Number of protein chains: 2
Amino acid sequence: MTTTAAEPIALSRRELNKVATREAIATAALELLRTNGMNGFTADDIAVAAGVSRRTFFNYFSSPEAAVASFTQKYLDKVIEQLLLRPQDEPLLESTQHALTAVAPTDLATLAETFALTQGDAQLSRFQLEAWDNCSSKIIAAIGRRLALPEGEAAGGSDANGELYLHALVQSVIACGRAAVEVWFRRHGADISAASLAQLRELLISAIGHLRTGFHS
Amino acid sequence: MTTTAAEPIALSRRELNKVATREAIATAALELLRTNGMNGFTADDIAVAAGVSRRTFFNYFSSPEAAVASFTQKYLDKVIEQLLLRPQDEPLLESTQHALTAVAPTDLATLAETFALTQGDAQLSRFQLEAWDNCSSKIIAAIGRRLALPEGEAAGGSDANGELYLHALVQSVIACGRAAVEVWFRRHGADISAASLAQLRELLISAIGHLRTGFHS
DNA sequence: TGCACAAGTTGCACCGAGTGCAACGGCCGC
DNA sequence: GCGGCCGTTGCACTCGGTGCAACTTGTGCA
């Protein structure tokens with residue numbers, strides 16, 4: 001069901017170390033955020049906790065905030081991964097709803113937690129925003145690639161007007177995702193229980209549902 | 001036509017000075033961005049150009065990026081201002097389209113220019129994102145206040161499910177706005193001519209139009 | 001008008017983010 | 001096992017950002 005589709009590429013020892021280091025740094029950052037709160041740790045602290053030098057920390061992340069945001073990035077990347085597994089002729093909104101349900105609850109939990117933990121700090125929030133926006137760009141790029149290949153860019157009115165359509169659609173999808181998380185947080189605060197997360201998933205599906213049926217307030 | 005609706009409040013000398021200083025700093029920042037490019041100036045430079053001390057700069061803006069983002073903020077605030085002048089029973093999407101046409105082209109020009117100038121720098125882009133997001137929050141708060149007052153929160157299914165609806169709607173509107181600017185930039189680059197800006201306004205209206213008719217790709 | 005107070009500005013000192021550079025140490029191919 | 005490559009580290013430096021205390025300027029009041 002989870003359909004991880006992990007490619008069995010053999011990693012060299014070096015690459016393996018890099019991945020491990022990156023993960024150690026990221027988890028150290030999250031752990032410090034959990035315990036010390038929003039402004040309670042420095043890049044030094046993260047480096048020490050991860051067992052690397054301060055300089056090495058900056059070789060992996062451009063800032064402490066970026067390390068935290070990597071978790072949001074990772075979750076959204078998994079959703080994209082699932083999204084691209086859906087049939088190409090399926091409407092995007094439907095595909096998105098399926099993709100959202102296909103991602104494991106564990107990943108959703110870290111998304112929810114990091115969102116909750118970053119609320120209240122301006123810079124952390126900005127990096128969260130950036131993560132969502134990167135997600136937009138990636139989806140637009142992927143779908144744009146799909147559309148460009150098969151029919152030479154001039155099919156179904158996809159050329160000039162379609163560019164705006166695509167951007168508006170995808171960005172709206174992301175917007176609804178963020179809206180769902182926001183509403184969830186307003187209701188449940190930092191509650192990461194399974195029941196609460198189920199509500200969050202429900203809200204995510206509903207938000208996309210609103211986009212499917214249209215807004216006519 | 002422009003309906004500026006400026007309140008004729010008499011400002012004291014102190015407040016007048018503050019406004020002037022703030023404006024001097026912001027314009028100095030924009031000017032430096034124009035001439036020196038994305039990473040070509042420091043907080044010191046801005047302060048000197050504005051004729052204040054470095055410390056005073058930070059009394060007005062939390063960072064150089066914030067000073068630049070103030071222009072985007074200002075434009076979006078003007079749109080909100082127009083939005084709230086529309087009749088309350090008008091659908092939000094329609095109100096938004098009207099509000100967008102009501103704002104003067106001059107303001108749209110600075111929005112477009114700052115967008116173009118901030119592309120390529122990560123931190124500047126993050127502050128742009130934040131400005132758009134703040135706009136979401138303000139609109140949601142304003143409309144939420146409207147809905148809460150007249151009927152005691154339990155009318156038209158606006159209570160629990162309506163919260164998600166409202167957030168998803170408003171955030172989608174903002175998303176479409178950003179999408180329009182993005183598409184405009186992809187096509188016109190840094191061209192700020194009247195013709196180009198007319199195209200941008202057209203794209204903004206069209207993007208909201210897509211939201212009105214719904215997405216069924 | 002003059003005086004006392006409030007509000008804004010400035011300089012200073014300090015900490016943390018972020019980066020270029022050069023030396024070091026472990027993985028890799030041969 | 002050995003030379004070369006890649007990642008790590010320490011160092012030094014710049015800039016962002018802030019608390020604090022002295023100073024200057026606008027404001028209210030007598």
Side-chain angles (χ1 to χ4, degrees), chain A residues 9-26 28-30 32-33 35-70 118 120-128 130, chain B residues 9-30 32-33 36-70 118 120-128 130:
Chain A
I9 296 178
L11 295 175
S12 75
R13 187 74 127 265
R14 268 208 192 116
E15 305 172 278
L16 226 56
N17 284 345
K18 287 198 72 170
V19 171
T21 303
R22 185 182 181 84
E23 207 159 310
I25 294 176
L30 180 56
L32 281 170
L33 179 60
T35 59
N36 293 17
M38 294 171 300
N39 260 1
F41 59 98
T42 73
D44 261 299
D45 298 333
I46 301 174
V48 170
V52 296
S53 76
R54 176 186 136 87
R55 192 61 185 83
T56 298
F57 167 82
F58 284 107
N59 283 342
Y60 282 89
F61 295 101
S62 62
S63 67
E65 293 83 5
V68 173
S70 71
T118 53
D121 179 79
Q123 188 69 348
L124 282 169
S125 298
R126 272 174 221 125
F127 274 77
Q128 294 289 113
E130 189 188 22
Chain B
I9 296 177
L11 294 175
S12 73
R13 184 69 136 271
R14 266 207 191 118
E15 305 172 278
L16 227 55
N17 285 345
K18 287 198 72 169
V19 171
T21 304
R22 186 181 180 85
E23 206 159 312
I25 294 175
T27 56
L30 181 55
L32 282 169
L33 180 60
N36 292 17
M38 295 170 299
N39 260 0
F41 59 98
T42 74
D44 261 299
D45 298 334
I46 301 175
V48 170
V52 296
S53 76
R54 175 184 135 88
R55 192 62 185 81
T56 297
F57 168 82
F58 283 108
N59 283 342
Y60 283 89
F61 295 100
S62 62
S63 66
E65 292 83 5
V68 173
S70 71
T118 53
D121 180 79
Q123 189 68 349
L124 282 170
S125 298
R126 269 174 224 127
F127 275 76
Q128 295 288 113
E130 190 188 23

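None of these values were measured; they are calculated from a predicted model. In what follows, chains carry the letters A, B, and so on, assigned in the order in which the sequence lines appear, proteins first and then strands, with residues in each chain numbered from 1.
Distances shown here put a side-chain N or O of B/Ser53 below 4.0 Å from the OP1 or OP2 atom of C/dT10.
The base of D/dG17 lies close enough to the side chain of B/Arg54 for a donor and an acceptor atom to sit less than 3.5 Å apart.
If you take CZ of B/Arg55 and P of D/dC20, they are 11 Å apart, rounded to a whole angstrom. Remark: P of D/dC15 and CD of B/Gln123 are 17 Å apart, rounded to the nearest angstrom. The distance between atom NZ of A/Lys18 and atom P of C/dG26, rounded to the nearest whole Å, is 18 Å. At whole-Å resolution of the value, CG in B/Asn17 and P in C/dT9 are 8 Å apart. Between the CG atom of A/Leu16 and the P atom of D/dG7 there is a distance of 13 Å, rounded to whole Å.
Summarising the geometry, atom OG belonging to A/Ser53 is positioned 10.5 Å from atom CZ belonging to A/Phe58; distances are rounded to the nearest 0.5 Å. Taken from OH in B/Tyr60 to CZ in B/Arg55, the straight-line distance is 12.0 Å, to the nearest 0.5 Å. Between the CG atom of A/Leu30 and the OG1 atom of A/Thr35 there is a distance of 9.5 Å, given to the nearest 0.5 Å. For the atom pair CZ (A/Arg14) and CG (A/Leu16), the distance works out to 13.0 Å, reported to the nearest 0.5 Å. From B/Asn59, atom CG reaches atom NZ of B/Lys18 across 8.0 Å, with rounding to the nearest 0.5 Å.
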Distances for protein N/O vs nucleotides 27-30 of chain D N/O pairs under 3.5 angstrom?
unit_1 : atom_1 : unit_2  : atom_2 : d
D/dT27 : OP1    : B/Ser12 : OG     : 3.4
D/dT27 : OP1    : B/Arg13 : N      : 2.9
D/dT27 : OP1    : B/Arg14 : N      : 3.1

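Without hydrogens or angle criteria, B/Thr56 side chain to B/Val52 main chain gives no donor-acceptor distance under 3.5 Å. Between the side chain of A/Glu23 and the backbone N or O of A/Ala20 there is no donor-acceptor pair closer than 3.5 Å. Listed for the B/Asp45 side chain is a donor-acceptor partner under 3.5 Å among the backbone atoms of B/Thr42. Under the 3.5 Å distance criterion, the side-chain polar atoms of B/Ser125 are matched with a main-chain donor or acceptor of B/Thr118.
Counting only heavy atoms from C-beta outward, the side chains of A/Ile46 and A/Phe41 approach each other to under 4.5 Å. Side-chain contact between B/Gln123 and A/Gln123 is present, with heavy atoms from C-beta onward closer than 4.5 Å.
Interface residues of residues 35-46 of chain A facing DNA chain D, ordered by number: none; criterion, heavy-atom separation under 4.0 Å. Near DNA chain D, meaning a heavy atom under 4.0 Å from it, residues 58-68 of chain A has A/Asn59, A/Tyr60 in order of number.
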